[in-house]
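Down below is the structure, laid out as structure tokens.
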Amino acid sequence: MYPLKFKPILKSTIWGGEKIIPFKHLDIQQEQVGESWEISDVPGDESVVANGADAGKNLTQMVDEYKAALVGESNYKRFNGKFPLLIKFIDACQDLSIQVHPDDELAMKRHQSLGKTEMWYVIGNDGGKAHLRSGLSKQITPEEYAQMIADNTICDALADYAVQPGDVFFLPAGRIHSIGAGCFIAEIQETSNITYRIYDFNRKDKNGNTRELHTELSKDAIDYTVNEDYRTHYTPKQNEPVELVACPYFTTTVYDLTEPMEMDYSELDSFVIYICMEGACSVTDNEGNQLSLQAGESVLFPATTQKLSVKPEGQVKFLETYV
């Protein structure tokens, strides 16, 4: 096995911007690209390998063929042969709808799917104009919640944040959230496409129709706990790992490197993903496989990877995530 790159799955959306294609150095024409699905095993949106001997195979086929060698022994058993993470870049030119995702138990009961716990890393904020919403700012009951949707006041109960590059938000299933206009983010989440749309600002499509809301479905999916602060706080450091999130679904660390670094994964029973946000580097594994990684690219290192040598080309910043 060797480090895998994938063809991006680009999704044009009504709220999409124009940042993703240049960020990823792609020579294609496509407008309003709101999302680039970097690594996906969602049915119907399976990523296709772009490099090496397995080029052309999709991620589902790769897991079927390589099993624990790709994802790790415990992950292969735990997720029944499915790849457990979905990696995206998201560019919001307009506010996205306010949403919530069910947890694993509720999603399995209703949709025979995993739930969706996720995290955001803010790459850009459109010159300081971007904001997002995460969590409740005041205590409300399920009945009050439904009434606030009906009378268009639900935003009054949500915590709203102006964001800067490097800001991190952890979004456990059940936490209300929305990405605001101007946000350019990397998203790491469980492999699930189950979303309950709570509120869409009464927007209408080109045919004059409003989008469906899932008020009743979302009512008992929401965690009504109120926290003082929903931002993930950390101290940025150069040339050493800084852990951002550790939860049952993924552990994510940010690296900001100007010097070479050796990574030891010999004790880790999992694949590892790098998501590059700035700069570039070369990466060599313990079997001598080498690749370049630049801003806008993601790479999947199989669970058989023991060690990696990362050499920045000047400076590089990337997220490392595994299960």
Side-chain angles (χ1 to χ4, degrees), residues 3-11 16-40 47-51 85-93 118-128 130 163-169 179 182-189 234 236-242 244-245 250 252-261 263 272-285 289-301 308-322:
L4 300 168
K5 288 185 177 181
F6 295 87
K7 297 177 182 177
I9 301 168
L10 303 178
K11 294 186 173 284
E18 306 299 334
K19 297 188 183 79
I20 284 176
I21 287 175
F23 178 69
K24 291 184 61 59
H25 311 280
L26 300 175
D27 185 21
I28 60 169
Q29 296 292 318
Q30 187 173 333
E31 295 184 348
Q32 289 183 275
V33 176
E35 299 185 341
S36 174
W37 289 25
E38 296 286 291
I39 301 176
S40 168
S47 294
V48 174
V49 178
N51 64 322
L85 293 185
L86 172 56
I87 309 298
K88 299 179 183 177
F89 291 120
I90 299 176
D91 175 22
C93 192
E118 58 191 345
M119 68 167 284
W120 296 331
Y121 179 97
V122 178
I123 300 170
N125 67 345
D126 217 10
V163 294
Q164 302 294 327
D167 283 355
V168 172
F169 289 83
I179 298 171
C183 284
F184 185 49
I185 66 175
E187 180 176 271
I188 299 166
Q189 59 164 89
Y234 68 99
K237 296 174 185 174
Q238 273 200 327
N239 300 312
E240 58 180 287
V242 179
L244 303 176
V245 172
F250 48 81
T252 302
T253 298
V254 64
Y255 289 85
D256 184 358
L257 303 182
T258 58
E259 302 169 358
M261 182 171 280
M263 312 290 202
V272 177
I273 294 170
Y274 286 1
I275 307 156
C276 189
M277 291 92 63
E278 291 178 30
C281 62
S282 64
V283 186
T284 308
D285 71 10
N289 297 302
Q290 185 176 14
L291 55 73
S292 62
L293 182 66
Q294 65 178 344
E297 290 188 315
S298 306
V299 61
L300 170 61
F301 300 99
L308 293 174
S309 176
V310 180
K311 293 186 177 175
E313 295 173 14
Q315 181 263 351
V316 68
K317 185 180 285 188
F318 61 88
L319 299 175
E320 167 206 78
T321 194
Y322 57 83

Any heavy-atom pair between the side chains of [Y] and [X] that's under 4.5 Å?
| X | Y | value |
| --- | --- | --- |
| Tyr121 | Thr252 | no |
| Ile275 | Ile188 | yes |
| Val254 | Val168 | no |
| Pro8 | Glu38 | yes |
| Lys88 | Ser298 | no |
| Val272 | Glu320 | yes |
| Val310 | Tyr274 | yes |
| Asn239 | Thr258 | yes |

Got a second to check how far [X]'s [atom1] is from [Y]'s [atom2], nearest 0.5 Å?
| X | Y | atom1 | atom2 | value |
| --- | --- | --- | --- | --- |
| Tyr322 | Ile273 | OH | CD1 | 13.0 Å |
| Cys281 | Met261 | SG | CE | 12.0 Å |
| Gln290 | Leu308 | CD | CG | 11.5 Å |
| Ile90 | Glu187 | CD1 | CD | 4.0 Å |
| Leu4 | Ser47 | CG | OG | 10.5 Å |
| Glu297 | Phe89 | CD | CZ | 9.0 Å |

Residues Lys11, Glu35: salt bridge by 4.0 Å N-O rule: no

Heavy-atom donor-acceptor pair, Lys24 side chain to Gly296 backbone, under 3.5 Å: yes

Backbone of Gln32 reached by a side-chain donor or acceptor of Glu18 within 3.5 Å: yes

What is the minimum heavy-atom distance between [X] and [Y], and which atoms define it?
| X | Y | answer |
| --- | --- | --- |
| Met277 | Phe23 | O-CE1, 3.5 Å |
| Gln164 | Asn125 | OE1-ND2, 3.4 Å |
| Cys183 | Ala130 | N-CB, 3.6 Å |
| Phe250 | Gln189 | CE2-CA, 4.3 Å |
| Leu86 | Ser40 | CD1-CB, 3.4 Å |
| Pro260 | Lys311 | CB-CG, 4.2 Å |

Stepwise side chain to side chain contact (heavy atoms under 4.5 Å, CB included) check, Leu300 with Ile87: CA-CA 11 Å; Leu300 170 61; Ile87 309 298; over 6 Å; no

Worked check of side chain to side chain contact (heavy atoms under 4.5 Å, CB included) between Trp120 and Val163: CA-CA 11 Å; Trp120 296 331; Val163 294; over 6 Å; no

Leu291, Ile39, Asn51 screened by side chain to side chain contact (heavy atoms under 4.5 Å, CB included) with Val299, the one that passes: Leu291

Residues Asp91, Val33; criterion side chain to side chain contact (heavy atoms under 4.5 Å, CB included); working and verdict: CA-CA 7 Å; Asp91 175 22; Val33 176; over 6 Å; no

Stepwise side chain to side chain contact (heavy atoms under 4.5 Å, CB included) test for Ile20 and Gln30: CA-CA 10 Å; Ile20 284 176; Gln30 187 173 333; over 6 Å; no

